[in-house]
Number of protein chains: 2
Amino acid sequence: MTHSATSPCFPVTVETAIFTLFQRDLKVCLFPCNQPPFEGSWMLPSVMPAETESLDDAAQRCIFSIIGAGSDSESDPFFQQLYSFGAPDRDPRGRTISIAYFALVAKDRLPEHILDGTNAPLAWHSAYRPPPLAFDHSEILSYALTRLRYKIEYSAVAFQLMPEEFTLRELQDAYMIILNDQKLDKANFRKKIREANIVEPSNRFRETGGRPASLFRFRKDAKLEIKTRRFFP
Amino acid sequence: MTHSATSPCFPVTVETAIFTLFQRDLKVCLFPCNQPPFEGSWMLPSVMPAETESLDDAAQRCIFSIIGAGSDSESDPFFQQLYSFGAPDRDPRGRTISIAYFALVAKDRLPEHILDGTNAPLAWHSAYRPPPLAFDHSEILSYALTRLRYKIEYSAVAFQLMPEEFTLRELQDAYMIILNDQKLDKANFRKKIREANIVEPSNRFRETGGRPASLFRFRKDAKLEIKTRRFFP
DNA sequence: TCAAAAGTGTTCAGCTTACACCCATGA
DNA sequence: TCATGGGTGTAAGCTGAACACTTTTGA
């Protein structure tokens with residue numbers, strides 16, 4: 001009921017599903033796993049919290065160790081705790097408890113050599129059709145995808161995956177890729193974005209195949225999360 | 001990046017916010033805390049996971065240790081993992097990592113001596129106006145309340161707080177208490193419930209001050225979670 | 001016959017959806 | 001002048017909020 005006198009201890013890890021968007025696909029950052037029996041599988045990046053480090057700090061260290069600390073905290077990636085996984089047999093080497101996070105990084109925030117995998121074991125794989133994953137990491141990944149999809153529908157986190165400036169078509173593409181829904185109506189999508197008041201034009205344009213597209217950026221003061229009554233039906 | 005060779009260990013606890021509904025109020029189960037410097041404060045019930053026990057099993061054990069194991073698993077309370085708390089200073093006695101759960105129990109599932117607190121340190125307090133709580137438990141409680149409110153809006157978990165049979169008025173009261181909103185329109189609420197197709201009449205009635213009210217029960221095959229496109233605005 | 005509470009139908013505003021249309025550019 | 005993609009207006013249909021109404025019981 002209350003804390004017992006003896007304190008069994010558990011190794012604790014923080015695993016992070018880091019997402020980014022390129023090649024018209026949602027990508028997740030993976031490392032090759034060498035541990036038997038998972039040779040040839042891939043795994044999510046992970047760290048162990050230091051003695052005096054909070055879970056969030058550990059997750060942030062995990063992310064920065066991959067993408068590098070930014071020059072300004074403005075462009076720091078969004079991250080959020082997901083769920084904790086503690087099945088006794090999740091790691092055959094011994095029991096560990098894993099606190100899972102997910103993170104969103106804009107492609108232009110990633111150094112070139114991290115994006116293309118030059119000179120690093122890390123690789124970006126399709127989040128929807130990932131290679132075989134070690135431990136329970138495919139469970140973690142699919143949970144992260146579900147949460148990302150939920151979150152993108154009631155908040156504006158999508159902008160965390162966009163570059164500094166973007167066209168509305170590019171934003172719509174991001175939504176369609178993440179929601180796996182090609183049926184979003186262009187006019188209605190634009191109206192929603194306009195009325196939500198979360199972007200402003202930069203008065204610059206991007207060359208496309210046809211009429212040039214206005215570039216937008218997210219407003220610093222935008223309301224990012226809105227809750228409305230829904231009930232179940 | 002990957003698992004390091006040395007494995008720092010952390011004491012891990014599972015804390016559970018157990019909610020029930022009576023006296024027209026949402027109640028949470030608390031225990032007195034004797035640990036300095038929190039004498040006089042209250043705390044959420046907690047257990048430490050055993051060596052080979054999953055986190056969910058530990059949470060279930062925590063719940064059953066209070067309300068007793070049910071005769072049939074049908075009436076087992078609903079519970080769900082919430083969030084993990086790991087601030088280095090959350091417990092002044094030493095660092096622990098806490099996996100928080102919340103649970104919903106129907107009042108008629110609680111034995112009489114648990115409800116009225118006879119001969120037990122446990123007590124039920126208003127979840128909205130709780131007494132002083134030890135550690136970071138007020139943070140855990142307010143997080144649990146937020147999640148409960150979200151969840152009740154897009155799913156039918158409310159029925160976990162209802163007795164076997166109930167009137168629609170009683171169900172509406174449950175919603176109004178949890179959402180802290182007295183303005184729910186009776187006609188519209190009933191229409192929603194009817195169209196959601198989640199209850200069926202038991203063909204019995206409850207005596208009230210006026211016209212007797214039909215009793216309903218939840219349908220076993222009801223769809224409990226429905227997701228609709230929402231976006232942010 | 002009146003008070004109290006159950007239970008229902010109808011209207012109106014606002015939002016979502018679908019779709020048609022115009023605009024600006026390069027070839 | 002045509003193809004391509006950007007950008008907008010509007011009508012139909014659905015949903016939710018508000019509210020007035022009827023029904024059934026006990027006193």
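For the numbers below, each heavy atom of this structure counts, side chains included, while hydrogens, waters and symmetry mates do not. Chain letters run A, B, ... following the sequence lines, proteins first and then strands; every chain starts at 1.
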With DNA chain D as reference, determine whether A:R190 or B:K191 sits nearer its 5' end, using the nearest nucleotide of each. A:R190

When all nucleic acid strands are considered with a 4.0 Å heavy-atom cut-off, which category describes B:A187: base, sugar-phosphate, or nothing? base

Among residues two or more places apart or on two chains, list those pairs meeting side chain to side chain donor-acceptor pair (under 3.5 Å) that have a residue in residues 145-165 of chain B. B:Q80-B:K151, B:E165-B:S202, B:E165-B:R204

Using a heavy-atom cut-off of 4.0 Å across all strands, would you classify A:R206 as base, sugar-phosphate, or nothing? nothing

What pairs meet the salt bridge (Lys or Arg N to Asp or Glu O under 4.0 Å) rule with one or both residues in residues 59-69 of chain B, with sequence neighbours excluded? B:E53-B:R61

Numerically ordered, the residues 167-178 of chain A set in heavy-atom contact under 4.0 Å with DNA chain D is A:R169

Given that A:E195 and B:F205 both sit by DNA chain C, which one's nearest nucleotide is further toward the 5' end? B:F205

Listed by chain and number, what are the side-chain hydrogen bond (donor to acceptor under 3.5 Å, both in side chains) partners of A:D108, not counting sequence neighbours? none

At a heavy-atom distance below 4.0 Å, which nucleotide of DNA chain C is the first touched by chain B, and which is the last? C:dA4 to C:dT10

Counterpart residues, salt bridge (Lys or Arg N to Asp or Glu O under 4.0 Å), relative to B:D173 (two or more places apart): B:R24, B:R169

Angle between ring planes, B:F166 versus B:F218, binned at 30° and 60°: parallel, tilted or perpendicular? tilted

Who pairs with A:K223 by side chain to side chain contact (heavy atoms under 4.5 Å, CB included), at least two apart in sequence or on another chain? none

Output all residues satisfying side chain to side chain contact (heavy atoms under 4.5 Å, CB included) with A:L224, sequence neighbours left out; order by chain, then residue number. A:A156, A:F159, A:A222

Set of residues satisfying side-chain hydrogen bond (donor to acceptor under 3.5 Å, both in side chains) with respect to A:E195, sequence neighbours excluded: none

Which sits closer to the 5' end of DNA chain C, A:E207 or A:K192, going by the nucleotide each is nearest to? A:K192

Taking NZ, NE, NH1 and NH2 as the nitrogens, is one of them in B:D25 or B:K27 under 4.0 Å from a carboxylate oxygen of the other? yes

Which residues satisfy the side-chain hydrogen bond (donor to acceptor under 3.5 Å, both in side chains) test with B:R206, sequence neighbours excluded? B:E170

Span of DNA chain D in contact with chain A (heavy atoms, under 4.0 Å): D:dT4 to D:dT10

Check salt bridge (Lys or Arg N to Asp or Glu O under 4.0 Å) between A:D136 and all other residues, then give those that pass, not counting sequence neighbours. A:R90

On DNA chain D, more 5' by nearest nucleotide between A:D185 and A:P212 is A:P212

